[in-house]
Asker: 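Handing you a structure now.
Atoms considered below: every heavy atom in the structure, side chains included; atoms not considered: hydrogens, waters and symmetry mates. In each ligand, atom 1 is the first atom listed, and ligand 1 is the first ligand listed.
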Amino acid sequence: MENKERKNVFVPPAEIQRQGKYISLVSTVLASRYGDSPKAYVHTYGCQGNVSDSERIKGQLREMGYGFTDTPDDADLVLFNTCAVREHAEDRVFGNVGALKPIKEKRKNMIIVLCGCMMQQSHVAERIKKSYPYVNLVFGTFAIHKLPEMLYTVLSRGKRVFEITEEEGNIAEGLPTERDRGAKAWLPIMYGCNNFCSYCIVPYVRGRERSRMPEDIIREAKELIAQGAKDITLLGQNVNSYGKYPDCGMNFAGLLREINALEGDFIIRFMTSHPKDCTYELLDAMADCEKVARHLHLPVQSGNNRVLKEMNRRYTREQYLDLIRYAKEKMPDLSITSDIIVGFPGETYEELCDTISLIREVEYTSLFTFIYSRRKGTKAAEMEDIVPYAEKSKWFRELCTAQEEIAGKRTASMVGKVYKVLVEPSENEGYLTGRTGGNISIEFKGTPDLIGKFADIEVTEAKTWILYGKIK
Ligand code: 5AD
Ligand code: SF4
């Protein structure tokens with residue numbers, strides 16, 4: 001049984017090797033077509049899952065012979081890794097693809113590639129096929145490991161390729177990775193989502209939930225630490241249900257403990273957690289693991305039970321608040337953040353007020369707040385949605401104002417305390433920056449030799465969303 005499950009979930013190593021042959025073939029074509037240093041421009045939209053996928057896409061491009069540029073103007077290959085979670089993100093992609101047309105007219109040999117969640121929707125792929133004839137290659141979220149073969153077909157036969165079929169087995173281990181976050185690293189532990197929250201397109205474009213094997217994750221974690229990673233974020237749409245399919249013999253709490261036990265000085269973060277799968281066991285593991293950041297991103301979406309039911313979230317306000325109570329009891333310094341949707345179909349102003357009262361009760365550090373966006377193919381897209389957008393925008397502002405007040409109080413209470421942060425470059429000249437375990441930025445003066453190291457910073461001043469401090 002176990003073998004059968006593994007077969008269904010993992011790309012066979014022989015297939016990865018077969019792609020290796022295309023890597024050499026593409027390299028040869030590139031050398032004759034562009035000389036020795038073809039350049040790729042890769043732009044990523046959306047969540048960290050996409051950013052992590054792009055690291056594997058860039059890793060493959062690098063192996064095929066591409067270097068990277070930060071503008072499409074001088075690129076031989078332009079790749080957009082797209083997001084479908086809200087309409088706004090999709091509109092931006094269509095706009096940016098349109099803007100490539102005049103560039104391609106000047107640079108006829110340029111290859112344009114679109115991939116990611118948005119492309120996994122057949123109506124989008126059709127639109128690209130018909131209205132954007134200068135796009136060479138479109139592939140969905142299941143085909144990342146086939147990039148060498150697809151690109152070879154485009155380059156050698158001049159054919160347009162569309163590859164958006166959903167495949168059962170698509171965890172591809174052993175792909176090269178191009179990381180550019182310094183001492184910070186993403187580590188995917190699972191893919192897909194089974195939850196079908198009624199507003200969300202993700203389960204349709206990323207397929208069913210599937211976990212990487214613990215040994216593969218641990219191996220990659222060790223590699224990252226050896227390469228100097230000091231801040232590792234474990235990624236998945238719903239990390240709390242890690243290990244169920246295929247049966248990994250380990251749940252997320254167990255995985256956290258294993259990674260925490262690895263040698264080295266590093267911080268472990270994780271996202272995203274679904275409240276329905278967040279257990280006391282996991283919160284206990286968090287509390288026990290000294291390397292796990294004191295930050296819990298636990299999206300609540302709404303504070304009203306009727307809306308939560310319509311959203312198919314499968315927990316109540318009371319259950320959510322109980323988890324928060326337990327988490328705070330175990331970790332008094334815990335920083336909690338959340339995602340909230342304003343204006344879900346049928347939501348009333350009174351129901352929104354329940355969300356505002358919940359955020360006051362939880363006292364979140366920060367929120368990602370979104371106005372509901374209708375996603376074709378989801379259950380909520382069929383629901384009656386009568387509240388005008390302008391009214392939803394008012395509600396949105398009211399929620400943000402409440403959160404500002406809460407966040408301001410929280411950051412003010414941090415003045416005088418000392419936090420260990422991983423030092424990063426700051427956009428402000430003469431300054432460096434870092435994030436507390438709770439994920440709040442601190443700006444401080446210091447020299448660039450500290451970048452990539454840990455430092456203790458005493459907070460001297462607080463603004464709503466940012467702290468200022470000095471090296472202790
Ligand atoms: N409209 C608005 N926000 C959405 N999200 C997901 N789908 C939608 C949608 N259709 C938000 C949720 C989720 C976050 C990643 O994006 O809050 O947690
Ligand atoms: Fe979307 Fe819900 Fe899955 Fe998150 S848990 S990706 S909101 S369906």
Asker: Of I57, T141, V42, which meets side chain to side chain contact (heavy atoms under 4.5 Å, CB included) against C115?
Answerer: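 Testing each of I57, T141, V42 against C115, the sole residue satisfying side chain to side chain contact (heavy atoms under 4.5 Å, CB included) is I57.
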Asker: Which pairs, with at least one residue in residues 183-203 and sequence neighbours excluded, count as a salt bridge (Lys or Arg N to Asp or Glu O under 4.0 Å)?
Answerer: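 Output for this query lists K184-E424.
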Asker: Could you check whether Q48 and T233, counting side-chain N and O atoms only, form a donor-acceptor pair closer than 3.5 Å?
Answerer: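 Result is no, nothing qualifies.
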Asker: Below 3.5 Å only, please: the N or O atoms of ligand 1 paired with protein N or O atoms, distance on each line.
Answerer:
from	atom 1	to	atom 2	distance (Å)
ligand 1	1 (N)	S373	N	2.9
ligand 1	3 (N)	R86	NH1	3.4
ligand 1	5 (N)	R86	NH1	3.4
ligand 1	10 (N)	Y199	O	3.0
ligand 1	10 (N)	S373	O	2.8
ligand 1	16 (O)	R86	NH1	2.9
ligand 1	17 (O)	Q301	OE1	2.7
ligand 1	17 (O)	Q301	NE2	3.4
ligand 1	18 (O)	Q301	NE2	2.8
ligand 1	18 (O)	D339	OD2	2.6

Asker: Does R313 come within less than 4.0 Å of ligand 2, judged by its heavy atoms?
Answerer: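 Yes.
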Asker: Within ligand 2, which atoms have a heavy atom of H274 less than 4.0 Å away?
Answerer: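 In order of numbering, the contacting atoms are 5 (S).
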Asker: Do NZ/NE/NH1/NH2 and the carboxylate oxygens of E350 and R306 come within less than 4.0 Å?
Answerer: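 No.
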Asker: For E163, which residues count as a side chain to side chain donor-acceptor pair (under 3.5 Å) partner, sequence neighbours excluded?
Answerer: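 Testing E163 for side chain to side chain donor-acceptor pair (under 3.5 Å), a comparison that skips the adjacent residues, returns T165.
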Asker: Just wondering, are more than 12 heavy atoms of other shown residues or ligands nearer than 6.0 Å to NZ in K291?
Answerer: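 Above 12, so yes.
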Asker: Below 6.0 angstrom between ring centroids: does that apply to F370 and F396?
Answerer: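 No, the ring of F370 stays outside the 6.0 Å limit from the ring of F396, centre to centre.
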Asker: Any chance NZ of K392 has more than 12 other-residue heavy atoms, nucleotides or ligands included, within less than 6.0 Å?
Answerer: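 Yes, enclosed.
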Asker: Within less than 2.8 Å, report the number of protein N/O/S atoms around atom 1 (Fe) of ligand 2.
Answerer: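 Those protein atoms number 1 in total.
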Asker: Salt bridge check: are E329 and R325 linked by an N-O gap of less than 4.0 Å?
Answerer: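 Salt bridge flag = yes for R325 with E329.
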Asker: Identify whether the distance between the nearest side-chain nitrogen and carboxylate oxygen of K58 and E55 falls below 4.0 Å.
Answerer: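 Not counted as a salt bridge, because no side-chain N and carboxylate O are separated by less than 4.0 Å.
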